[in-house]
Amino acid sequence: MRASGGSSILKELSNEDIAVNMEDNIRLNVCAMAVQVFIGGEYEKQSVINMTRLIDKGTRYGIPTMAVTAVGTDMARDARYFRLATRLCAELGAHYIKSYYIEDGFESITSCCPVPIVIAGGKKMPEADALKMAYNAIQQGASGVDMGRNIFQSESPTSMIQAVSAVVHKDETPERAFEMYNDLKA
């Protein structure tokens, strides 16, 4: 459950607050709560406080918190930034972290973070490229993927989710997973 929210794209995105109360999370039987954390953003302090509050509340009820590393438009998406952001979230109690996959230095991010990292799917890309990104992330230490557009905007979402699952859970190569995608789609 996405538990933080705030401004639209017309305002400063890092100005968020906790948007879902704990009773609703319990009533909906969520498996985790997600909160964006804007390390280096204008409202960094508020986003960190949002995260720690959710961690405290969720821990009382056995609901883990996933910190989502949010990157502002004027910030570099590099290994140095993500090592800091993921480690900070983990050290403050996040149970796992959603972050971006980067080509240069991703393994240094996963090796420095003491909790599992899942990667964000990012912008829609061709299915073969999304499968390659998922494979590379898993090979470099990611525990999973959290793909939205790259599954739901696929020509065959059902086939794509099965192909991604094969990469993540069965150590399938991206080439074989893409063949699987095409076979299932047909």
Side-chain angles (χ1 to χ4, degrees), residues 1-10 12-14 16 32-41 44 47 51 65-90 94-113 115-169 171-178 180-182 185:
M1 165 71 77
R2 172 70 185 273
S4 66
S7 303
S8 72
I9 61 170
L10 303 176
E12 171 56 43
L13 292 177
S14 66
E16 286 195 343
M33 299 173 296
V35 58
Q36 285 201 117
V37 183
F38 295 85
I39 304 304
E44 173 183 3
S47 70
M51 179 188 69
T65 299
M66 176 174 72
V68 180
T69 58
V71 181
T73 56
D74 59 342
M75 298 173 71
R77 291 182 183 204
D78 61 15
R80 182 174 182 229
Y81 171 81
F82 288 119
R83 281 192 303 267
L84 170 67
T86 58
R87 193 181 70 247
L88 191 146
C89 292
H95 298 91
Y96 54 106
I97 297 167
K98 178 178 173 181
S99 194
Y100 291 94
Y101 174 76
I102 57 168
E103 301 251 344
D104 187 26
F106 185 74
E107 193 165 20
S108 73
I109 298 163
T110 59
S111 68
C112 291
C113 186
V115 300
I117 292 177
V118 298
I119 64 156
K123 295 178 181 172
K124 174 69 175 101
M125 59 182 79
E127 284 77 1
D129 294 343
L131 292 167
K132 183 177 180 185
M133 178 180 68
Y135 177 82
N136 289 342
I138 296 299
Q139 295 304 307
Q140 294 172 34
S143 296
V145 301
D146 184 355
M147 288 189 171
R149 292 175 203 89
N150 284 303
I151 291 175
F152 300 115
Q153 291 179 5
S154 172
E155 185 179 322
S156 176
T158 305
S159 304
M160 186 61 175
I161 202 163
Q162 291 178 57
V164 170
S165 177
V167 167
V168 173
H169 299 291
D171 201 30
E172 195 60 76
T173 66
E175 296 80 16
R176 177 63 192 118
F178 187 60
M180 175 191 296
Y181 166 77
N182 284 320
K185 184 174 72 168

Residues passing the side chain to side chain donor-acceptor pair (under 3.5 Å) test with Lys132, sequence neighbours excluded, are none

Sorted by chain and number, sequence neighbours left out, side chain to side chain donor-acceptor pair (under 3.5 Å) with Thr110 holds for none

CD of Gln36 to NZ of Lys98, rounded to nearest 0.5 Å, is 8.0 Å

Smallest heavy-atom separation, Ser154 atom then Met160 atom, equals OG-CB, 3.7 Å

message: Taking Ala130's backbone N and O only, do any of them form a donor-acceptor pair with Asn150's side chain (distance below 3.5 Å, no angle check)?
response: no

request  = Mark yes when over 12 heavy atoms from residues, nucleotides or ligands other than Arg2 sit less than 6.0 Å from its CZ; otherwise mark no.
outcome  = yes

Would you call Glu175 and Leu131 a side-chain contact if the rule is heavy atoms closer than 4.5 Å?
no

Salt bridge (charged side-chain N to carboxylate O under 4.0 Å, His left out) filter on Glu103, not counting sequence neighbours, yields none

Residue pairs meeting salt bridge (charged side-chain N to carboxylate O under 4.0 Å, His left out), one or both in residues 119-130, sequence neighbours left out, come to Lys124-Glu127

Quiz item: Take atom CD1 in Ile161; do more than 12 heavy atoms of anything else shown fall under 6.0 Å from it?
Solution: no

In this structure, OG of Ser165 is separated from CD of Glu172 (nearest 0.5 Å) by 11.0 Å

Residue set satisfying ring pair (Phe, Tyr, Trp, His ring centres under 6.0 Å) with Tyr101, at least two apart, ordered chain then number -> Phe106

Hits for side-chain contact (heavy atoms from CB on, under 4.5 Å) against Thr86, two or more places apart or cross-chain, chain-then-number order -> Thr69, Ile97, Ser99, Ile109, Cys113, Ile117

- Query: Is a side-chain N or O of Tyr181 found less than 3.5 angstrom from the main chain of Val164, in a donor-acceptor match?
  - Reply: no

dist Ile39:CD1 -> Glu44:CD (nearest 0.5 Å) comes out at 4.5 Å

